[in-house]
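Some notes on the structure that comes next.
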Amino acid sequence: MNPLFSKLLVDVARKRIEKRQLKKGTITYQDIVPVVNNLKVEISHAVKESIFIIIGVFSAGFGLKGFLLPNHFIDGGATGISLLLQNITSLSLGILLLIVNIPFLLLATRTINTKFAIKSFIAITFLAVVVHFVNYPTITEDKLLIAVFGGFFLGLGIGMAMRGGSVIDGTEVLAIYLSRKFSLTIGDVLLLINIVIFSVGAYTLSIETALYAILTYLAAAKTVDFVVDGVEEYVGVTIISAHHNALQDMITTKLGRACTIYAGKGGYESKGKGHDKDIIYTIVTRLELAKLHTEIDKIDKSAFIVMGIVKDLRGGMIKKKPLK
């Protein structure tokens with residue numbers, strides 16, 4: 001590491017210790033090391049999140065100015081509201097993006113936290129600047145391509161910004177807030193918001209534009225899912241079987257996957273008495289699930305198996321080792 005940068009980290013760590021009064025008297029090397037390590041982690045994560053947001057902003061800008069804006073298309077969410085207002089007023093899209101998202105960002109300070117709201121405000125401001133000043137080429141005039149690829153690049157931008165810990169479309173914040181107030185899911189709230197936007201679009205522009213806007217929204221939403229959750233879907237598998245030792249050996253040696261063993265007790269037996277048993281939990285990708293089922297059936301066809309989608313994971317072996 002650069003000596004100047006190392007010295008700067010040490011100085012910052014020393015000031016943090018002094019400010020928090022973690023220790024009275026002389027500050028030793030052992031006191032500084034953990035604080036410096038935490039600073040390194042914070043900086044590396046901040047850099048990674050900033051890169052995600054920058055890529056997301058330029059991607060969203062490309063989707064807006066390269067596809068949707070020149071052809072008077074709209075989308076869902078706060079971006080769709082901004083596009084709709086841009087089509088019926090003379091205001092710049094960059095200014096509208098800021099104006100429309102400000103109420104959602106203020107709500108974010110209450111619903112999530114202030115740090116998230118500030119980061120999102122910076123990301124949206126950056127998007128407004130990019131949309132206003134960067135001259136993207138108009139890619140096509142084919143309406144189907146505009147709807148699909150405009151939605152793709154916009155969704156890619158929204159998803160990358162979310163991976164960076166911010167949003168460039170504030171309606172997600174409103175959806176979280178309303179879902180806590182009423183018995184609705186976030187998806188239900190977003191659907192209702194977008195129905196209103198598309199209905200207004202059909203009235204002010206045309207029904208055809210509104211239908212293409214729905215296609216744009218679907219393309220963007222699916223792209224966001226891929227970016228945020230990952231293209232490779234993971235499945236958590238819980239196995240309960242009397243042959244748990246053989247299943248554990250199969251997973252670790254034959255498939256080359258790690259697993260976790262829980263100590264469990266049956267809660268329902270014909271004689272009214274439970275018994276101790278080991279419960280196996282492992283994670284595989286969707287593509288590996290068929291082979292896992294085959295190997296389980298070889299050992300115990302009556303094994304009780306529970307599967308659930310895992311949105312994302314970190315650490316462990318699954319991303320490092322291919323299935324044997």
Next on the checklist: Testing the basics here: between Ile53 and Ala123, what is the closest heavy-atom pair and its distance to 0.1 Å?
Outcome noted: CG2-CB, 3.8 Å
Checklist entry - Only one of Tyr212, Phe62, Tyr136, Phe152 forms a ring-ring contact (aromatic ring centres under 6.0 Å, His included) with Phe67, so which one is it? => result Phe62
Checklist entry - Can you tell me if CD1 on Ile207 sees more than 12 non-hydrogen neighbours from other groups inside 6.0 Å? => result no
Next on the checklist: Given Leu85, which partner from the list Ile95, Leu93, Val100 fulfils the side-chain contact (heavy atoms from CB on, under 4.5 Å) test?
Outcome noted: Val100
Checklist entry - What's the spacing between His132 NE2 and Ser92 OG if we round to 0.5 Å? => result 5.0 Å
Checklist entry - In Å and rounded to the nearest 0.5 Å, what is the CD1 to CG distance from Ile283 to Leu292? => result 12.0 Å
Checklist outcome for this item: For Gly170 and Asn101 the tightest heavy-atom approach is N-OD1, 2.8 Å
Checklist entry - Which pair of heavy atoms, one from Cys259 and one from Ile280, lies closest together, and at what distance? => result CB-CG2, 4.0 Å
Checklist entry - Can you list the residues that meet the side chain to side chain contact (heavy atoms under 4.5 Å, CB included) rule with Ser199, with sequence neighbours excluded? => result Ile195
Next on the checklist: Using a 3.5 Å distance criterion without hydrogens, assess whether the side chain of Arg163 forms a donor-acceptor pair with backbone atoms of Val227.
Outcome noted: yes
Next on the checklist: Please find the pair of heavy atoms, one from Gly155 and one from Thr223, that lie closest to each other, and give the distance.
Outcome noted: C-CG2, 3.9 Å
Checklist entry - Has Phe52 got more than 12 heavy atoms of other residues, nucleotides or ligands less than 6.0 Å from its CZ? => result yes
Checklist outcome for this item: The single option from Leu215, Asp142, Leu218 that satisfies side-chain contact (heavy atoms from CB on, under 4.5 Å) with Val148 is Leu215
Item to check | Residues clustered with Ile118, ILVMFWY side-chain links under 4.5 angstrom | outcome: Ile122
Next on the checklist: Do Ile146 and Thr140 make a side-chain contact, defined as non-hydrogen atoms from C-beta onward lying under 4.5 Å apart?
Outcome noted: yes
Item to check | Co-membership, hydrophobic cluster, residues Phe149 and Leu144, 4.5 Å side-chain | outcome: yes
Checklist entry - Does Thr282 reach the main-chain N or O of Ala258 with its side chain, forming a donor-acceptor pair under 3.5 Å? => result yes
Checklist entry - Are Ile158 and Val129 co-members of a hydrophobic cluster defined by side-chain heavy atoms under 4.5 Å apart? => result no
Checklist entry - Phe126 and Phe121: aromatic ring centres closer than 6.0 Å? => result no
Next on the checklist: Consider side-chain contact (heavy atoms from CB on, under 4.5 Å). Of Leu69, Val200, Ile81, Leu205, which one does Ile74 pass it with?
Outcome noted: Leu205
